[in-house]
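First up is the structure itself, then whatever we jot down about it.
It should be emphasised that the depicted structure is a prediction, and the values quoted were computed from it without experimental measurement.
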Amino acid sequence: MTTRPAPPARPTARSGRDYIARHGETVFNRIGCIQGDRVELHTPLTRKGFAQADAIGEVLHDRLGKAPALTLWSSPTGRALQTLAVIAEHLALDWHETRHDVRLIELGFGSWGGRRSADLTALHGPIVHPHGMAIGAPDGESYAAMAARLSGWLADTAADDGDRLILMHGLSSRVLRGLMLGLADDPLCGVPVAERLPQGAIVMIEGGVETVIHRAGP
């Protein structure tokens, strides 16, 4: 018998503001390789990725000032933590105080992790939906499972005092934001999905309303 993950609970009202950023471009991104949730597939930020992280840091510094009262959260992947290190330097915050949470990680791609998207497309046909969400590997994580873990993180942090800065990924951030905004389930993914943001972008969500703070290039 196949066990299906429980449907994600809709999050309750949250204390404070959530600043959600997508990590900068990496070497794997540049050459079109899938990284997913595999922490060992760390590749460093490119020069473009560092510039994207710098831009986020500058925008947040202009908005919040030096040493703002932010709790730092991150996916445990190297690319998210490296991006956050640059941002934290701009804000004069201690990167070592970052709270790592595996629930913020990218969608799991199973055996597709580390492979080139072009090679997978040649073998399996399109691997990305028209709106930019990955179709996913046969042995990978489902969107329902990802939404369930993200809902758990939202429930655990809902009553935390103050604001949060959260570094994560393209697909997982779209689902997290979709949950926080109370969007309807996407017909292709079966879970709430917010609009796509480019790497190096950051939004603020407060009271269920999203504001784009910085949108990097394509």
Side-chain angles (χ1 to χ4, degrees), residues 2-6 8 20-50 52-53 73-86 98-153 166-179 186 188-201 216 218:
T2 301
T3 301
R4 295 180 178 273
I20 303 171
R22 185 179 174 189
H23 68 77
E25 181 190 73
T26 71
V27 173
F28 262 30
N29 295 144
R30 175 64 63 85
I31 64 176
C33 281
I34 292 176
Q35 295 172 111
D37 66 334
R38 291 174 57 182
V39 177
E40 76 276 11
L41 291 178
H42 167 61
T43 56
L45 299 183
T46 61
R47 286 185 296 173
K48 180 179 179 180
F50 278 111
Q52 291 167 336
W73 286 90
S74 181
S75 156
T77 60
R79 57 196 187 273
L81 289 165
Q82 193 173 28
T83 304
L84 182 56
V86 175
T98 302
R99 302 182 185 185
H100 305 183
D101 199 308
V102 71
R103 292 175 294 182
L104 299 173
I105 208 164
E106 184 59 294
L107 183 73
F109 280 90
S111 60
W112 288 8
R115 299 183 65 183
R116 290 179 182 267
S117 298
D119 294 340
L120 291 168
T121 299
L123 288 171
H124 303 285
I127 62 170
V128 179
H129 290 300
H131 59 353
M133 295 294 283
I135 292 174
D139 62 345
E141 182 182 27
S142 70
Y143 280 109
M146 183 167 73
R149 60 173 161 86
L150 291 171
S151 292
W153 181 84
I166 307 146
L167 259 291
M168 48 193 312
H169 308 273
L171 303 177
S172 59
S173 66
R174 291 182 70 177
V175 174
L176 178 70
R177 291 162 48 227
L179 291 166
D186 177 81
L188 297 176
C189 300
V191 299
V193 174
E195 70 165 316
R196 180 187 180 278
L197 293 173
Q199 289 175 322

Exercise. Under the criterion side-chain hydrogen bond (donor to acceptor under 3.5 Å, both in side chains), which of Gln82, Gln35, Gln199, Arg79 is the partner of Thr26?
Worked result: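 For Thr26, the side-chain hydrogen bond (donor to acceptor under 3.5 Å, both in side chains) test succeeds with only one of Gln82, Gln35, Gln199, Arg79, which is Gln35.
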
Problem set entry | Short side-chain to backbone donor-acceptor contact, Ser173 and Arg22, under 3.5 Å |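 Here the side-chain-to-backbone pair does not exist.
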
For this session: Look at the side chain of Thr83 and the backbone N and O of Ala53, then say whether any donor-acceptor pair between them is shorter than 3.5 Å.
Result: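 No; judged by distance alone, with no hydrogens or angles, the pair does not exist.
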
For this session: Show your working on side chain to side chain contact (heavy atoms under 4.5 Å, CB included) between Leu167 and Ser75 and close with a plain yes or no.
Result: CA-CA 6 Å; Leu167 259 291; Ser75 156; over 6 Å; no

Any non-hydrogen side-chain atom of [X] less than 4.5 Å from a side-chain atom of [Y]?
{"X": "Met133", "Y": "Leu188", "value": "no"}
{"X": "Glu106", "Y": "His23", "value": "no"}
{"X": "Arg196", "Y": "His131", "value": "no"}
{"X": "Met146", "Y": "Val191", "value": "no"}
{"X": "Leu197", "Y": "Ile20", "value": "no"}
{"X": "Ser172", "Y": "Ile105", "value": "no"}
{"X": "Glu141", "Y": "Leu107", "value": "yes"}
{"X": "Pro138", "Y": "His124", "value": "no"}

Distance from [X] atom [atom1] to [Y] atom [atom2], nearest 0.5 Å?
{"X": "Ile34", "Y": "Leu120", "atom1": "CD1", "atom2": "CG", "answer": "5.0 Å"}
{"X": "Ile31", "Y": "Arg116", "atom1": "CD1", "atom2": "CZ", "answer": "4.5 Å"}
{"X": "Ile166", "Y": "Arg177", "atom1": "CD1", "atom2": "CZ", "answer": "11.5 Å"}
{"X": "Arg149", "Y": "Asp37", "atom1": "CZ", "atom2": "CG", "answer": "7.0 Å"}
{"X": "Ser74", "Y": "Arg99", "atom1": "OG", "atom2": "CZ", "answer": "13.0 Å"}

For this session: Using the side chain to side chain contact (heavy atoms under 4.5 Å, CB included) rule, take Asp186 and Arg174 through it: C-alpha gap first, then chi angles, then the decisive distance, then the call.
Result: CA-CA 11 Å; Asp186 177 81; Arg174 291 182 70 177; over 6 Å; no

For this session: Please work out which of the three classes, parallel, tilted or perpendicular, describes the rings of Trp112 and Phe109, given edges at 30° and 60°.
Result: parallel

For this session: Ignoring hydrogens and angles, state whether a donor on the side chain of Thr77 or His169 is under 3.5 Å from an acceptor on the partner side chain.
Result: yes

